[in-house]
Amino acid sequence: MSPLPQHRIKMRRLLTGHFGKIYSMMWCPAEDKKYNVISASQDGRLIMWNAMSTHKLKIITLESAWVMTVAFCPSGTMVASGGLDNLATIHKFTDETKEAKTVARLMQHEGYVATRA
């Protein structure tokens, strides 16, 4: 068996702003928002970034700091998050402000939400 090739990974951008561990990140699947990244942190915030400019585009402060996962919808206009509070929460972004509106809180989970599909 031949050894795996070595890869040289370079840091291209540094996104600073969270004050806790980052548990989840996802690139936006929408073509017109392809440089956007959403991150979920133990500081209880979701932050949407422009990965090229490193600017924070949207900030969502959650009710619980125990968020473990986050995912974009295909259009990039909403995100879903979940964590140790046994909730899956859906947030919708508005273009006017850096805020997001909570549109649904799914409370029927019997255990924590640790990953996305």
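Residue numbers run from 1 in the order of the sequence given. Source: prediction; values computed, not measured.
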### Message
For Ser75, give me all partners under side-chain hydrogen bond (donor to acceptor under 3.5 Å, both in side chains), at least two apart in sequence or on another chain.
### Response
Thr77
### Query
Do Thr69 and Ser81 pass the side chain to side chain contact (heavy atoms under 4.5 Å, CB included) test, and can you show the C-alpha distance, the side-chain angles, and the key distance before you say yes or no?
CA-CA 6 Å; Thr69 189; Ser81 64; over 6 Å; no
### Task
Could you list who else is in Tyr23's hydrophobic cluster, with ILVMFWY side chains joined at under 4.5 Å, directly or through other members?
none
### Given Leu57, Ile47, Val79, the one that forms side-chain contact (heavy atoms from CB on, under 4.5 Å) with Ile38
Val79
### Task
Would you give the length of the straight line joining atom CE of Met25 to atom NE2 of His18, rounded to the nearest 0.5 angstrom?
7.5 Å
### Query
What distance separates His91 NE2 from Cys73 SG, expressed to the nearest 0.5 Å?
12.5 Å
### Task
For the pair Ser24 (side chain) and Val70 (backbone), establish whether a donor and an acceptor sit closer than 3.5 Å, ignoring hydrogens and angles.
yes
### Thr61, Val67, Ile59 screened by side-chain contact (heavy atoms from CB on, under 4.5 Å) with Leu46, the one that passes
Val67
Can you give the donor-acceptor pairs under 3.5 Å from side chains of residues 8-17 to other protein atoms, not counting sequence neighbours?
residue : atom : partner : partner atom : Å
Arg13   : NE   : Met52   : O            : 2.7

### Query
Does Ala51 have any side chain to side chain contact (heavy atoms under 4.5 Å, CB included) partners at least two apart in sequence or in another chain, and if so, which?
Trp27, Val37
### Query
Which residue pairs pass the salt bridge (charged side-chain N to carboxylate O under 4.0 Å, His left out) test when at least one of the two sits in residues 65-74, sequence neighbours left out?
none
### Message
For a quick test of reading the model, state the closest non-hydrogen atom pair linking Pro29 to Phe72 and the distance between them.
### Response
CD-CB, 3.6 Å
### Task
Please identify each residue that fulfils side-chain hydrogen bond (donor to acceptor under 3.5 Å, both in side chains) with Trp49, with sequence neighbours left out.
Ser39
### Message
Can you list everything that forms a salt bridge (Lys or Arg N to Asp or Glu O under 4.0 Å) with Lys101? Sequence neighbours excluded, please.
### Response
none
### Query
Is there a donor-acceptor pair under 3.5 Å between the side chain of Ser41 and the backbone N or O of Gly20?
yes
### Task
Scan for salt bridge (charged side-chain N to carboxylate O under 4.0 Å, His left out) pairs involving residues 62-78, sequence neighbours excluded, and state none if there are none.
Glu63-Arg105
### Query
What's the shortest heavy-atom distance between Met78 and Phe93, and which atoms?
N-CD1, 4.2 Å
### salt bridge (charged side-chain N to carboxylate O under 4.0 Å, His left out) contacts touching residues 31-44 (sequence neighbours left out)
Glu31-Lys34, Asp43-Arg45
### Message
His7: which residues meet the side-chain hydrogen bond (donor to acceptor under 3.5 Å, both in side chains) condition with it, sequence neighbours left out?
### Response
none
## Note on the structure
Nearest heavy-atom approach of Cys28 to Gly76 is SG-CA, 3.6 Å
### Query
To the nearest 0.5 Å, what is the distance between CD (Gln42) and CH2 (Trp66)?
4.5 Å
